[in-house]
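Here's the structure, in structure tokens; my notes come after.
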Number of protein chains: 2
Amino acid sequence: MAATILDVSKLCGYSKATVSRAFASPEKVKEKTREKIYQAAQTLNYTPDAIARAMVRGRTDNIGFIIYEKQYPVVLNPFYSPIFESVLQTCTRRGYSLFISSDRELRLPNGQTCVKKQLDGVILAGHSDERIVNDLRRQNMPVVLLNNRLDMEGLLCVTTDQYGGGMLAMEHLLERGHRKIGLLAGEFSPHVYNSRYKAYCDALTKAGCLPEDRYIRRVEPVTEHAIEAAMELLNGKDRVTAIFATNDTIAIGAMKAAIRMGLRIPQDIAVVGYDDSENSRMIEPELTTVRVDKASMGRIAAERLISQIEGEEPCRDTIQTSVELVIRGST
Amino acid sequence: MAATILDVSKLCGYSKATVSRAFASPEKVKEKTREKIYQAAQTLNYTPDAIARAMVRGRTDNIGFIIYEKQYPVVLNPFYSPIFESVLQTCTRRGYSLFISSDRELRLPNGQTCVKKQLDGVILAGHSDERIVNDLRRQNMPVVLLNNRLDMEGLLCVTTDQYGGGMLAMEHLLERGHRKIGLLAGEFSPHVYNSRYKAYCDALTKAGCLPEDRYIRRVEPVTEHAIEAAMELLNGKDRVTAIFATNDTIAIGAMKAAIRMGLRIPQDIAVVGYDDSENSRMIEPELTTVRVDKASMGRIAAERLISQIEGEEPCRDTIQTSVELVIRGST
DNA sequence: TCTCATAATGAATACGTTCTCATTTTTTCG
DNA sequence: CGAAAAAATGAGAACGTATTCATTATGAGA
């Protein structure tokens with residue numbers, strides 16, 4: 001049905017080869033010829049077939065974005081959304097299209113990888129593991145890790161200073177005089193969890209306090225769970241005066257718990273979050289939080305992946321984007 | 001580098017055709033043969049090449065999801081995120097992969113549609129227009145509209161009862177005795193905007209009130225703008241006692257404005273939102289809002305598109321999913 | 001005008017599958 | 001057991017493009 005290069009060729013009288021060149025590398029064909037070819041193409045409503053093109057070039061100009069975050073049923077959560085936006089922009093600018101999928105889709109029942117030859121490279125976001133990376137590498141698929149860190153030879157990881165960010169949050173609370181600080185720790189990838197937990201402990205210790213288990217709760221990053229856990233920390237006469245939550249959704253849960261218990265924020269209870277996602281400005285007062293440079297993360301990951309696809313060697317193993325404390329009304 | 005069907009063929013002694021069948025339609029090959037072929041494939045780490053496959057079948061098993069919402073810089077906003085999730089699930093279950101893009105990506109500089117032959121069909125979300133649909137149709141591309149309505153021959157639109165939803169919200173406020181009701185109307189597609197605006201006017205009129213321009217503000221669906229507009233409505237002695245916001249982000253802006261002005265929710269000012277996005281439960285008190293069945297929207301759009309791809313004729317032009325009022329603390 | 005270099009074009013092949021049609025093997029059943 | 005039917009397999013074309021290599025047209029310099 002659709003016109004092919006042959007139809008155009010016949011209509012304008014030039015060979016298939018020349019027509020092909022007119023589209024794929026216009027500078028190699030005489031201007032006058034090119035015009036005639038484009039004219040013919042237009043009347044036939046012809047566009048080069050991307051599949052046939054990919055077939056012979058061995059490249060599709062498609063990139064995959066795959067999110068592994070088991071705890072979130074929603075593929076696109078407030079943290080990844082801006083990252084994704086940035087990845088999409090970068091890819092578009094450089095002529096690539098973007099595939100997206102959750103982890104379920106990567107492997108088909110028969111063990112095939114549906115990704116094969118469909119994609120020129122893959123961005124793995126969240127907590128993927130060595131096995132997944134190895135699977136992809138065995139197929140010579142360029143890979144970049146996003147918001148995760150795995151120590152594998154030549155594997156590029158784009159992440160942030162998790163420990164430093166945690167420190168920023170804790171030092172801010174300590175500076176304001178808080179000593180009884182609760183930790184609401186979300187269940188993320190080990191890399192993320194461990195770094196932020198360590199920052200919590202180190203900061204307290206440095207300030208002469210002892211981290212106490214009764215002030216610490218592990219929670220799923222879901223508002224309801226966070227509310228429950230926060231209520232425990234806020235109950236009793238020995239309650240905490242501040243809470244460090246390891247992401248904004250959890251922090252908002254903590255604030256909601258406080259409001260429901262009649263506590264004033266920040267006078268009675270201060271809350272610091274992490275990520276600076278959209279949510280952080282939805283609540284009132286707005287949330288003090290650790291801002292992660294999500295736009296850069298996405299851009300860098302995409303750019304490095306594309307460099308790799310286009311033949312350059314990865315120059316560094318790990319790239320850390322900056323973190324910054326944004327102080328708002330909750331502290 | 002990567003193994004092809006020919007390598008497998010040589011290793012196991014069967015012809016290319018049989019190897020191909022072993023993967024594409026296993027029931028057509030003897031079990032014993034199949035096992036040997038799989039074995040050989042495994043040792044060679046072979047997987048059928050999706051591109052070559054697409055080339056000969058004329059199908060890619062890829063679907064595109066394209067969002068047109070100019071006012072939102074973020075491709076994936078809280079409204080579309082669950083819809084997208086649902087689309088992704090449905091596609092995955094039925095063996096399709098998902099491409100995503102904003103409108104910028106659809107057309108390349110030279111006027112080509114990069115979509116051509118890469119995709120088996122497209123879901124157009126947000127306010128796309130006739131021109132776009134026609135472009136795609138000229139290439140025989142199956143199309144489904146999501147959250148929008150265009151009167152075009154045989155075009156399937158999956159939407160919701162915008163007017164009915166608006167009515168639910170307004171009648172709820174009227175029942176609670178409110179008469180001075182403000183409208184914060186987000187700038188969405190004409191279809192959406194007009195329906196909700198009409199519901200606002202009709203409900204008021206039916207209750208014997210006259211819609212007044214001073215109670216109505218058009219706003220971009222961004223929290224800051226909503227806060228400003230809400231403050232205008234809440235100022236002065238003649239202020240409104242309730243606000244109907246045409247989406248949750250705007251409603252949250254209204255609530256934040258009220259809180260900042262020292263008004264109590266819902267005693268001094270009631271707020272109803274629209275969409276029931278995640279945000280609606282982030283604020284305290286939580287937001288009364290019109291729930292849109294986003295999961296169904298996504299599922300239905302994907303299913304109908306796939307039916308169309310697989311050869312069935314669309315049965316209805318417009319499908320409306322249900323709306324429902326969720327009453328929470330803000331009213 | 002002629003020669004040589006260079007630019008522009010064409011013919012043919014390759015990319016890795018699926019599918020049709022023909023052929024061979026296996027099964028069924030009288 | 002033998003013939004017919006059914007199942008399994010193989011040979012080869014086709015999908016629509018990019019690219020290599022050969023050929024032809026164009027232009028520059030003397």
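Naming convention: chains lettered A, B, ... in sequence-line order (proteins, then strands); numbering from 1 in each chain. Everything numeric here is computed off the predicted structure, so don't read it as measured data.
If you measure from atom CG of A:Leu6 to atom P of D:dG16, you get 9 Å, rounded to the nearest angstrom. For B:Lys10 and D:dG10, the NZ to P distance is 15 Å, given to the nearest whole Å. Summarising the geometry, the separation between CZ on A:Phe23 and P on D:dT19 is reported as 15 Å, rounded to the nearest angstrom. C:dT18 atom C1' lies 13 Å from atom CG of B:Asp61, rounded to whole Å. Distance, B:Arg59 CZ to C:dC19 C1': 15 Å, rounded to whole Å.
Identified under the salt bridge (Lys or Arg N to Asp or Glu O under 4.0 Å) test for residues 14-26 of chain A, with sequence neighbours left out: none. Contacts classified as salt bridge (Lys or Arg N to Asp or Glu O under 4.0 Å) and involving residues 140-156 of chain A (residues at least two apart or in different chains) are given here: A:Arg149-A:Asp151.
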Distances under 3.5 Å between protein N/O atoms and the N/O atoms of nucleotides 11-16 of chain C, please, pair by pair.
none

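Annotation: salt bridge (Lys or Arg N to Asp or Glu O under 4.0 Å) contacts of B:Arg137 (sequence neighbours excluded): none. Residues satisfying the salt bridge (Lys or Arg N to Asp or Glu O under 4.0 Å) criterion with B:Arg34, sequence neighbours excluded, are absent altogether. For B:Tyr38, the ring-ring contact (aromatic ring centres under 6.0 Å, His included) partners at least two apart in sequence or on another chain are B:Phe23. Under the salt bridge (Lys or Arg N to Asp or Glu O under 4.0 Å) criterion, B:Glu130 pairs with no residue, sequence neighbours left out. Under the salt bridge (Lys or Arg N to Asp or Glu O under 4.0 Å) criterion, B:Asp61 pairs with B:Arg57, B:Arg59, sequence neighbours left out.
Of the residues in residues 27-38 of chain B, those lying under 4.0 Å from DNA chain D by heavy-atom distance are B:Val29, B:Lys30, B:Thr33.
Counted within 6.0 Å of CD on B:Glu27, heavy atoms from surrounding residues, nucleotides or ligands total more than 12; the atom is thus considered enclosed.
Note on B:Ser20: every side-chain N or O is 4.0 Å or more away from OP1 and OP2 of C:dT17.
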